[in-house]
Amino acid sequence: MVAEVDIDLPQKSLEGLEVEPEEYVPGDVTVSFTDGTPGGATKALPTMANAGVRLKGNVGGSFRPIDDKAGFKLKFNEFVKGQTLLGLKKMTLNSMVQDPTMLHETLAYEVFRAAGVPAPRTGYAFVRVNGTAYGVYMDVETLDVIALQRWFGDFDDDAQHLYEGEYGTDVTPGGAVAFEVDEGDDENLADLEALVAAVNAPSPAFHARMEGVADLSEMTLMWAVEKYIGMWDGYAGTSSPKLPNNFFLYSDPLGVFQMFPWGTDQAWEGPLDFDGDAGVMFDACLGDSGCRSLYLDSLRGVGDAVAGLELEPFVSCLTDRLAPWRAMEGSPFREFDDDEIEAGFESTDEVLAERPEELTEWLETESAEPEEITPSGAPASCAVPEFEPDPEEKSEEKPKTGLPAAEGAASAPIAGAGSPESGAPPLKLIGLHHGGGAAVLDASLYLAAPGRLEVVGRIATYGGSRRVCRFTRRVREAGRQTVRCRLSASARKRLRARWLKVHLVLRFESAEGETTTIARKIVVPRIHRN
């Protein structure tokens with residue numbers, strides 16, 4: 001169902017939102033149910049007079065001003081004590097300006113709930129402000145005391161809390177004061193301080209320290225879903241100065257914490273590794289045998305939960321239902337052009353189709369035993385060279401070097417190249433180039449023995465490194481191999497705007513367990529539209 005939401009703001013309120021967009025101003029809000037089609041309003045609820053209205057979003061990201069497709073937070077009791085809408089105190093309307101599909105949040109929270117993680121319900125709304133059609137919005141259940149009571153029953157304001165974490169907030173020493181207190185006593189942070197102390201204590205083992213302060217069964221499920229759906233902008237996504245982001249910590253009456261997701265509009269854009277640096281609790285979990293085993297079990301549970309959801313038909317149905325509403329969006333409120341929308345759907349479809357197999361393959365190669373962690377946080381036995389965005393990548397100027405295939409490699413596979421001489425390394429890269437309209441990376445190499453080959457391509461972004469291609473193969477006999485690593489839909493979308501430097505890592509594990517890794521870079525040219 002798509003509801004219709006009319007927000008009427010007097011001139012003074014409009015001016016207030018222009019000056020202080022995050023401060024509530026008074027406005028009238030009317031919500032109408034529909035039969036799912038434009039113009040099919042069936043029932044209008046009583047108008048919420050003098051409701052609180054403010055803008056939401058982060059500058060440089062999802063924030064838009066009031067004369068653009070702004071996101072809204074509505075607080076019905078801000079100026080009228082006790083006023084609620086169908087028992088709700090608040091309403092969150094996300095503008096989806098970072099999601100060309102308008103599906104990411106709905107799909108993400110479906111998976112969280114199916115896996116057993118408390119997550120908000122979602123719906124859709126067509127929003128008008130002073131009669132002007134702003135377009136289709138995501139109506140996301142606000143995480144507040146109403147939602148907590150629905151999930152867990154009574155909430156004790158004196159003893160319990162709901163904390164919001166964003167932009168690098170984490171349970172590091174002294175980090176408790178950086179969390180926003182959404183529910184509970186904002187002067188008594190004893191429960192959160194206890195969690196911080198336990199996480200950062202030197203002993204005993206992590207899973208033992210967490211007893212009595214964190215529900216690791218729920219938290220590992222939360223992290224497993226984030227990894228599965230490619231939620232790079234969450235708690236377990238990746239490592240960056242502005243991460244972790246978009247998560248809540250909830251303490252029960254005994255002070256035991258759970259973690260909830262938020263801000264999933266940029267999920268499903270591409271796959272994430274199922275391990276790697278992220279929030280401090282996630283990193284500590286992977287370095288601890290008990291917690292790591294629990295995390296692997298959670299990943300298996302997520303895979304089973306997704307298999308039962310039939311997400312692909314759900315995507316098709318939801319897309320068809322939203323199509324007539326999307327057609328009503330116009331300038332300046334239409335964020336994406338047709339090509340960007342198509343690329344968004346391609347990327348999402350690709351993740352939906354490929355993620356189950358990627359999870360299965362990763363679990364097959366992992367054991368529940370923890371690996372020794374180096375000071376940098378990377379597994380000592382399989383550390384991959386890290387990289388930062390190169391200076392030239394921050395410029396739109398095309399590199400003057402043309403199109404080199406790879407540093408230290410030929411620009412194309414060498415025709416007729418024979419086997420390396422005796423004593424050559426298990427893995428030898430012969431040539432590397434791009435093909436298929438620059439959408440495929442071709443590598444020609446020689447393997448000295450049977451084993452397992454993995455090729456992973458990444459690009460450096462300001463949000464951290466992002467995987468753009470992956471190829472795996474079990475090699476049954478030694479010899480020359482040609483592999484094709486197809487770039488993801490999101491990478492191809494980027495290539496329509498500019499060239500990319502892809503950092504490629506080739507990893508070969510022989511049948512005897514010997515591992516060889518080669519890292520190379522290749523500049524992929526911009527794809528020019530016809």
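What you see is a predicted model, and the numbers here were worked out from it, not measured in a lab. Reckoned from all heavy atoms, side chains included, excluding hydrogens, waters and symmetry mates.
Using a distance-only test at 3.5 Å, with no hydrogens or angles considered, a donor-acceptor pair links the side chain of Gln83 to the main chain of Ala49. Although no hydrogens or angles enter the test, the distance criterion places no donor-acceptor pair under 3.5 Å between the side chain of Gln160 and the main chain of Phe155. Although no hydrogens or angles enter the test, the distance criterion places no donor-acceptor pair under 3.5 Å between the side chain of Asp170 and the main chain of Thr172. Side-chain atoms of Asp252 come within 3.5 Å of backbone atoms of Gly255 as a donor-acceptor pair (strictly under, hydrogens ignored). Distance alone, capped at 3.5 Å, places no donor-acceptor pair between the Asn246 side chain and the Gly234 backbone. Although no hydrogens or angles enter the test, the distance criterion places no donor-acceptor pair under 3.5 Å between the side chain of Glu78 and the main chain of Ala51. Side-chain N or O atoms of Glu193 include none that pairs as donor or acceptor with a backbone N or O of Leu189 at under 3.5 Å. In this structure a side-chain-to-backbone donor-acceptor pair under 3.5 Å is present from Trp325 to Gly36. The backbone N or O of Leu103 lies less than 3.5 Å from a partner atom in the side chain of Asp99, making a donor-acceptor pair. Of the possible donor and acceptor atoms, one in the side chain of Thr360 sits under 3.5 Å from a partner among the backbone N and O of Pro356.
With a 4.5 Å cut-off on side-chain heavy atoms, Val117 and Pro261 count as touching. In this structure, the side chains of Pro120 and Leu143 come closer than 4.5 Å at one or more pairs of heavy atoms. You'll find the side chain of Val256 stays beyond 4.5 Å of the side chain of Ser251, heavy atoms only. Taking the side chain as every heavy atom from C-beta outward, Leu309 and Phe314 never approach each other to under 4.5 Å. Within the 4.5 Å cutoff, no side-chain heavy atoms of Glu141 are placed close to those of Met91. With a 4.5 Å cut-off on side-chain heavy atoms, Leu192 and Phe179 count as touching.
At a threshold of 4.0 Å, the pair Lys56-Glu22 does not count as salt-bridged, since none of the basic side-chain nitrogens sits closer than that to a carboxylate oxygen. Looking at Glu110 and Arg121, no side-chain N of the basic residue comes within less than 4.0 Å of a carboxylate O on the acidic one, giving no salt bridge. Ion pairing of Asp273 with Arg467 is present here, as a side-chain N (NZ or NE/NH1/NH2) and a carboxylate O approach within less than 4.0 Å. Under a 4.0 Å N-O distance rule, the pair Glu4/Arg128 qualifies as a salt bridge. In summary, Arg334 and Glu329 do not engage in a salt bridge, as defined by a charged side-chain N under 4.0 Å from a carboxylate O. The pair Arg470-Glu354 does not count as a salt bridge, with every side-chain nitrogen at least 4.0 angstrom from each carboxylate oxygen. Salt-bridge formation is detected for the pair Arg292/Glu366: a Lys NZ or Arg NE/NH1/NH2 atom is positioned less than 4.0 Å from an Asp or Glu carboxylate oxygen.
Annotation: the span from Thr30 atom OG1 to Asp28 atom CG amounts to 7.0 Å, rounded to 0.5 Å. For the atom pair Tyr124 OH and Met102 CE, the distance stands at 8.5 Å (nearest 0.5 Å). The OG1 atom of Thr106 sits 6.0 Å away from the CG atom of Leu318 when rounded to the nearest 0.5 Å. Gln149 CD to Asp144 CG: the interatomic distance, rounded to the nearest 0.5 Å, is 8.5 Å. Distance OG1/Thr169 to CD/Glu180: 9.5 Å, rounded to 0.5 Å. Rounding to the nearest 0.5 Å places CZ of Phe112 at 6.5 Å from CE of Met231.
Pairing each heavy atom of Ala70 with each of Pro65, the nearest pair is CB-O, 3.4 Å. Ala236 and Phe282 make their closest contact through CB-CD1, 3.8 Å (heavy atoms, listed as atom of the first residue, atom of the second, distance). Taking every heavy atom of both residues into account, Asp67 and Phe333 meet most closely at O-CE2, 3.8 Å. Summarising the geometry of Gly303 relative to Leu359, their closest heavy-atom pair is CA-CD2, 3.7 Å, with the distance given to 0.1 Å. Minimum interatomic distance between Glu226 and Tyr235 (heavy atoms only, all atoms of both residues): OE2-N, 3.0 Å. Contact detail for Ser13 and Pro26: the closest heavy-atom pair is OG-O, 2.6 Å.
Using the six-membered ring where Trp is involved, Phe152 and Tyr250 have ring planes that are parallel, under 30° apart on the 30 and 60° scheme.
Other residues, nucleotides and ligands contribute only 12 or fewer heavy atoms inside 6.0 Å of the CG atom of Asp154. Atom CZ of Arg300 has more than 12 heavy atoms from other residues, nucleotides or ligands within 6.0 Å.
A donor-acceptor contact closer than 3.5 angstrom links the side chains of Thr348 and His104. In the model, Thr92 has a side-chain atom that pairs as donor or acceptor with a side-chain atom of Lys73 under 3.5 Å. For the residue pair Asp191 and His161, a side-chain donor N or O sits within less than 3.5 Å of a side-chain acceptor on the partner.
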I would like to know whether Phe72 and Leu55 meet side chain to side chain contact (heavy atoms under 4.5 Å, CB included); could you show each step before the answer?
CA-CA 5 Å; Phe72 294 98; Leu55 307 189; 3.6 Å; yes
With side-chain hydrogen bond (donor to acceptor under 3.5 Å, both in side chains) as the criterion, how do Asn130 and Thr132 come out once you've worked through the C-alpha distance, each side chain's angles and the decisive distance to 0.1 Å?
CA-CA 6 Å; Asn130 291 349; Thr132 299; over 6 Å; no
Can you check side chain to side chain contact (heavy atoms under 4.5 Å, CB included) on Leu93 and Met138, steps first, answer last?
CA-CA 6 Å; Leu93 296 171; Met138 173 65 61; over 6 Å; no
Check the pair Arg355, Glu358 against salt bridge (charged side-chain N to carboxylate O under 4.0 Å, His left out), reporting the backbone distance first and the verdict last.
CA-CA 5 Å; Arg355 207 55 173 155; Glu358 290 173 347; 2.9 Å; yes
For side chain to side chain contact (heavy atoms under 4.5 Å, CB included), just list the numbers for Glu312 and Val315, CA-CA rounded to whole Å, side-chain angles, deciding distance to a tenth of an Å, and then say yes or no.
CA-CA 5 Å; Glu312 288 85 352; Val315 166; 5.7 Å; no
List the steps, then state whether side chain to side chain contact (heavy atoms under 4.5 Å, CB included) holds for Phe76 with Thr84.
CA-CA 6 Å; Phe76 303 117; Thr84 63; 5.7 Å; no
Apply side-chain hydrogen bond (donor to acceptor under 3.5 Å, both in side chains) to Asn94 and Glu105, showing your working.
CA-CA 10 Å; Asn94 287 348; Glu105 291 170 279; 2.6 Å; yes
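Judged by the 6.0 Å distance and 45° axis criteria, Lys227 is not positioned over the aromatic ring of Tyr295.
The only member of Tyr163, Phe247, Trp151 that meets ring-ring contact (aromatic ring centres under 6.0 Å, His included) when paired with Phe260 is Trp151.
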